[in-house]
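Chain A is the first sequence line, chain B the second, and so forth, proteins listed ahead of strands; every chain is numbered from 1. All values reported here derive from a predicted model rather than from experimental measurement.
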2 protein chains.
Amino acid sequence: MTQVPTAAGERAPRLSRERIVAAAVEMLESGGVDAVTTRTIGEALQVHPTALYRYFRDMDELIREAADHILEGLAEETPLAAGHDALDVLFDLCLGLRTALMSHPGAAGGVASGPSRMPHERALTERMLQLLTLTGLSDDDVVLAYHAVIEYTVGSAAIDAPGKSTDPDEDSRHRAWRADYLTASPHDFPVTVRLASRLYPTQDTQFRYGLQVLIDGLRNKLPAP
Amino acid sequence: MTQVPTAAGERAPRLSRERIVAAAVEMLESGGVDAVTTRTIGEALQVHPTALYRYFRDMDELIREAADHILEGLAEETPLAAGHDALDVLFDLCLGLRTALMSHPGAAGGVASGPSRMPHERALTERMLQLLTLTGLSDDDVVLAYHAVIEYTVGSAAIDAPGKSTDPDEDSRHRAWRADYLTASPHDFPVTVRLASRLYPTQDTQFRYGLQVLIDGLRNKLPAP
DNA sequence: ACCTGAACACCGTTCAAGT
DNA sequence: ACCTGAACACCGTTCAAGT
């Protein structure tokens, strides 16, 4: 782990990809992606703001690496238990993914687009495709179902997470939002006003419902058992 | 519409919320949300970069207003046609919403969080809740289904849209991604490699599949007809 | 080889000053 | 009332210079 000096004049580097990523992950958790800048990282690691450019091509590469680090172990932590079928495991896996993304506001943006180049992201993709294959879905369905589930999970996290860092607690925020809806014109928005008191259950409840519906929809496509 | 001078010394203002929003929407369409800055707007409207602060509290307010402007007419353009039930109409409405968001990269972030305060956003919410109520779903299901559908649509647009502005055409990008997957270790990622050729169909195909599955899942919750 | 210093081209935003 | 000018506190990034 630690660098062994092979010659007299060699100084051990103060920095490393690992140290920088660790700092980035920490700041991702406390202040979200906007809090991780070249300056804040420099301060946290007691180096010059531009020092990280020796280890990363640019800020984007660092964010993607930090985002991937957050997914560590996720694919492995959800084994196939008795009584749980593959789609139930997929459900839990998505819950875990959401939890990881929600606790690091903005991390969803680092996972978001493109293929899974990063190691933990790749493991997650593999695990999801594997679970979906186990259900008996056709290959085409497996691939499309994978995309549907990952886009819903990551996409909703990208939407929901930002509010968590700046705003007060979720309950009071939602109360305020419901009150906002109640003041809407009953003539122009009759349904909205009628349902206002039910709007904005906790974000977690919302997410689980949508994920359950999505997975129930996939069950419709399953061959008869 | 045009300002009538009520006294001698009054000059007609060169700027207005409308003109600024129009400029912002245009730049949202051409270069995405990153392209709309105080400086670029100033240049487009031939005013000082800080001039817009007379009309908007901050950049966030402007972006939200521009994002809402994009949703204009969306709720009305999808009437209940014969042979189409309410969920089919909801499907089309979501497609329209996605198209609007995808053609203005980053606009999804302006729609994303919080309640629908903006007029067009409100109309869209009302329309969706109305359609879902027509299906016969319970009020609780209506509200949760609304959240699921809107989060999937806006969330996936937030993920998919950014790539559209910078990258080349979608087909070549996806070919590259599939090739990337094929180079993955067959031992570590057997399923990924096997399905690599099927991965990344067009984003539109992906989205429609997921939306269809989601709405099919909602059909499961419908009372018997 | 590893990090620093200075510099550059950007941001959003405030506020006093001009007309 | 409406807009400008100057200034401030931030960004990411490059590159020559130090050790």
Side-chain angles (χ1 to χ4, degrees), chain A residues 2-24 27-28 30-67 105-106 109-110 162 165-166, chain B residues 2-24 27-28 30-67 105-106 109-110 162 165-166:
Chain A
T2 26
Q3 196 91 3
V4 179
T6 51
E10 289 188 17
R11 276 179 303 255
R14 311 174 53 195
L15 251 41
S16 65
R17 283 181 78 95
E18 289 73 23
R19 286 199 64 205
I20 298 172
V21 167
M27 308 173 67
L28 218 46
S30 57
V33 72
D34 290 343
V36 33
T37 74
T38 54
R39 266 90 176 173
T40 55
I41 283 179
E43 198 178 8
L45 298 177
Q46 298 283 36
V47 296
H48 196 267
T50 65
L52 64 89
Y53 284 93
R54 283 272 145 190
Y55 300 87
F56 296 92
R57 149 194 281 275
D58 53 25
M59 209 49 181
D60 223 73
E61 187 180 300
L62 169 55
I63 296 294
R64 283 209 308 273
E65 191 119 343
S165 54
T166 50
Chain B
T2 26
Q3 196 92 359
V4 178
T6 51
E10 289 189 17
R11 274 179 304 255
R14 311 173 53 194
L15 250 42
S16 65
R17 283 181 79 95
E18 288 74 23
R19 285 200 63 206
I20 298 172
V21 167
M27 307 172 68
L28 217 45
S30 57
V33 72
D34 290 342
V36 34
T37 74
T38 54
R39 266 90 174 173
T40 55
I41 283 180
E43 198 178 7
L45 298 178
Q46 299 281 34
V47 295
H48 196 268
T50 65
L52 64 90
Y53 284 93
R54 283 270 146 190
Y55 299 88
F56 295 91
R57 150 193 283 272
D58 53 24
M59 209 50 182
D60 223 73
E61 187 181 298
L62 169 56
I63 296 293
R64 282 208 310 271
E65 191 119 342
S165 54
T166 50

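The shortest distance between side-chain heavy atoms of B:L52 and B:I41 falls below 4.5 Å.
For the pair B:R19 CZ and D:dC2 P, the interatomic distance rounds to 14 Å; values are reported in whole Å. Taking atom CD1 of residue A:I63 and atom P of nucleotide D:dT13, one finds them 10 Å apart after rounding to whole Å. Note: CZ (A:R17) to P (C:dC2) measures 13 Å, nearest angstrom. Taking atom CD on B:E43 and atom C1' on D:dT4, their separation rounds to 16 Å, with Å as the unit.
A distance-only check finds a donor-acceptor pair linking the side chain of A:T40 to the backbone of A:A35 [under 3.5 Å].
Across all non-hydrogen atoms, the minimal contact from B:D58 to B:Y53 is CA-CE2, 4.1 Å. Of all heavy-atom pairs spanning B:A24 and B:L62, the tightest one is CB-CD1, 4.0 Å. Here the closest heavy-atom approach between residue B:G110 and residue B:I63 is recorded as CA-CG2, 4.5 Å. Here the shortest heavy-atom pairing between B:A66 and B:L28 reads CB-CD2, 4.2 Å. Between A:D34 and A:T37, the shortest heavy-atom distance links the atoms O-CG2, 3.7 Å.
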What pairs of donor and acceptor atoms, side-chain ones from residues 14-23 of chain A against any protein atom, are under 3.5 angstrom apart with sequence neighbours left out?
unit_1: A:R14; atom_1: NH2; unit_2: A:Q46; atom_2: O; d: 2.9
unit_1: A:S16; atom_1: OG; unit_2: A:R19; atom_2: N; d: 3.1
unit_1: A:R17; atom_1: NH1; unit_2: A:Y55; atom_2: O; d: 2.7
unit_1: A:R17; atom_1: NH1; unit_2: A:E61; atom_2: OE2; d: 3.3
unit_1: A:R17; atom_1: NH2; unit_2: A:E61; atom_2: OE2; d: 3.4
unit_1: A:R17; atom_1: NH2; unit_2: A:E65; atom_2: OE1; d: 2.8
unit_1: A:R17; atom_1: NH2; unit_2: A:E65; atom_2: OE2; d: 3.4
unit_1: A:R19; atom_1: NH1; unit_2: A:R14; atom_2: O; d: 2.7

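Stem list for DNA chain C (at least 3 consecutive Watson-Crick or G-U pairs, distances under 3.5 Å): C:4-8 with D:12-16, C:12-16 with D:4-8.
Scanning residues 44-59 of chain B for heavy-atom distances under 4.0 Å to DNA chain C yields B:T50, B:Y53, B:D58, B:M59.
B:R39 comes within 4.0 angstrom of a base, heavy atoms only.
Candidate nucleotides D:dC3, C:dC3, D:dT13 were compared by shortest atom distance to the side chain of A:R14, and C:dC3 ranks first.
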